[in-house]
Amino acid sequence: MKVIPDFNQTSLVDRSLKAVWHPCTQMKHHESFPLVAISKGKGPWLYDEQGNALLDCISSWWTNLFGHSNPRINQAITKQLDKIEHVMLAGFTHQPVVELSEKLAALSKGNLGHVFYASDGASAIEIALKMSHHYWQLNGKPQKKKFVCLENGYHGETLGALAVTDVAIFREAYGSLLQDVYTVTSPDARKAKASESAEDVANNAAKEVEQLFAKEHEHIAAIVVEPLVQCAGQMAMHSPQYLRLIKELCERYQVHLIADEIAVGCGRSGKFFACEHANIWPDFLTLSKGISGGYLPLSLCMTTEKIYRAFYQDQIRHGFLHSHSYTGNPLACAAALACLEIFETEKVIEKNIARSQELADAFAWAKTDPRIEHWRQQGMILAFDVKPSAIKNISTFPREVFAKCLTTGTLVRPIGNTIYVMPPYVLTQQETVQMGQSIQRALNQVLDV
Ligand SMILES: *Cc1c(COP(=O)(O)O)cnc(C)c1O
């Protein structure tokens, strides 16, 4: 009698479909939709079990900054592994977490000098929401406990983060579990009418926030925004003007500003922090995804001296009593430090100016394609929408494009009718050109069938 299945008889993909419940996936779709087993990565390339190469155009869900199996990050983690792999951060500290916090504080020019750690992006959002709420309690304003979020915004999928998320597909089944929030109009520049600019759309959207704050600020703890790009919300981009106006309103009405830079931070927008485009600093700024270079789960919430001081008291319950087992993990912090060192020594932000121009050039074809609209770019994010009239079946379109791109050697995951790329900052010009051509070819095949 055989009790141990002979796994060698079945492919890794079949075994995965049997034993692994994959994220953000209707598992039944895998009956017709490919699951790819990756065996290794190098630079912007992923290699499947058969050795086929795929260009990682979306940085493995927006996490990878400097390529897969990056020698400098590999070495930093290996070195740290020989010292200490993990120790709890309550009552203990260690060099990587101290250095990382100092470096981040310096990058914020001292404005956000206190860093609280977690492991995933959603948890960093939970931390910002809880800290804001707790701050108002400590300041004798316990009635300030509601949150304002943006239409089409995304902040993660745990219950607190999901409550401030406005992407229907993620909320639908869980609506009754979520707290009530105020949802305000997105400043999405695609809404501009013929005579309007992105600034006009931002001004109008901010006016709505002003009206809400004027009426309800006594009950509002914070507003949470994704600066410049609502990434999961189909890469909707807006003018930095919106951030300037919201910041001013937050100060006027005593509402915290939470800048969720989990996707747009770490140089993605063209500056290290997206808020820098608007010359503002929020009360809370969250990072995750790119901060560890796409190596290890790490997230954090940066905040101000003022917020930190409010919690600095004699009684334990006035402290911020939140924790995760892997808070401040030394290996993840070592990976993050290696990334920040690469930013510095390789002048990444400066070099990305040329890189984003190459990106624009590689997708110039999409600007004039009559089936495409709303071509847009913010730093190392480029997106465009395929007109609904050109799409036969919108519900299968993203999967069809994904599958067709695999055959042209690219990893792309459209969101609805939006095709976007968000590559690691290591592509050669030739690879960038290749990416543009492969995606064009795949799209032509999908739209013409
Ligand atoms: C991905 C993302 C999150 C959630 O991060 P997880 O690590 O997936 O929990 C939150 N906010 C934004 C803007 C994101 O893009």
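Read the numbers this way: they start at 1 and go in the same order the structure lists the ligands and their atoms. Hydrogens, waters and symmetry mates are skipped; everything else that's a heavy atom, side chains included, is used. This one's a predicted model, so the numbers in the text were calculated from it and none came from an experiment.
For atom 8 (O) of ligand 1, the nearest protein heavy atom lies 4.0 Å or farther away.
Put simply, OG on S197 and CD on Q241 are 8.5 Å apart, with the number rounded to the nearest 0.5 Å. Atoms NZ and NE2, from K387 and H374 in turn, are 9.0 Å apart once rounded to the nearest 0.5 Å.
Looking only at heavy atoms of the protein, atom 14 (C) of ligand 1 is closest to K289 NZ, 2.9 Å.
Between T432 and L427 the shortest heavy-atom distance is OG1-CB, 3.6 Å.
Considering F311, F116, Y308 as possible partners of H134, the one that fulfils the ring-ring contact (aromatic ring centres under 6.0 Å, His included) test is F311.
Against a heavy-atom cut-off of under 4.0 Å, G121 is close to the following atoms of ligand 1: 4 (C), 5 (O), 6 (P), 7 (O), 9 (O). Close approach of ligand 1 to G156 is summarised as follows: ligand atoms under 4.0 Å from at least one heavy atom of the residue are 4 (C), 10 (C). For ligand 1 and A263, the ligand atoms under 4.0 Å from any heavy atom of the residue are 15 (O).
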**Report entry** side chain to side chain contact (heavy atoms under 4.5 Å, CB included) between F343 and L340, intermediate numbers included
**Finding:** CA-CA 5 Å; F343 270 106; L340 294 186; 4.3 Å; yes

Query raised in the report: Under the side chain to side chain contact (heavy atoms under 4.5 Å, CB included) criterion, do E261 and V264 qualify, and how do the steps go?
Result: CA-CA 5 Å; E261 298 219 8; V264 294; 4.1 Å; yes

Report task. Please test K83 against Q95 for side-chain hydrogen bond (donor to acceptor under 3.5 Å, both in side chains), starting from the C-alpha separation and ending with a verdict. Result -> CA-CA 10 Å; K83 293 179 190 157; Q95 194 162 352; 5.6 Å; no

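Note: no N/O pair closer than 3.5 Å links C231 and ligand 1 by distance alone. Checking only distances, A122 does come within under 3.5 Å of ligand 1, N or O to N or O.
Taking only non-hydrogen atoms, the option from V264, D120, D260 nearest to atom 13 (C) of ligand 1 is D260.
Heavy-atom separations between W62 and ligand 1 include at least one value shorter than 4.0 Å.
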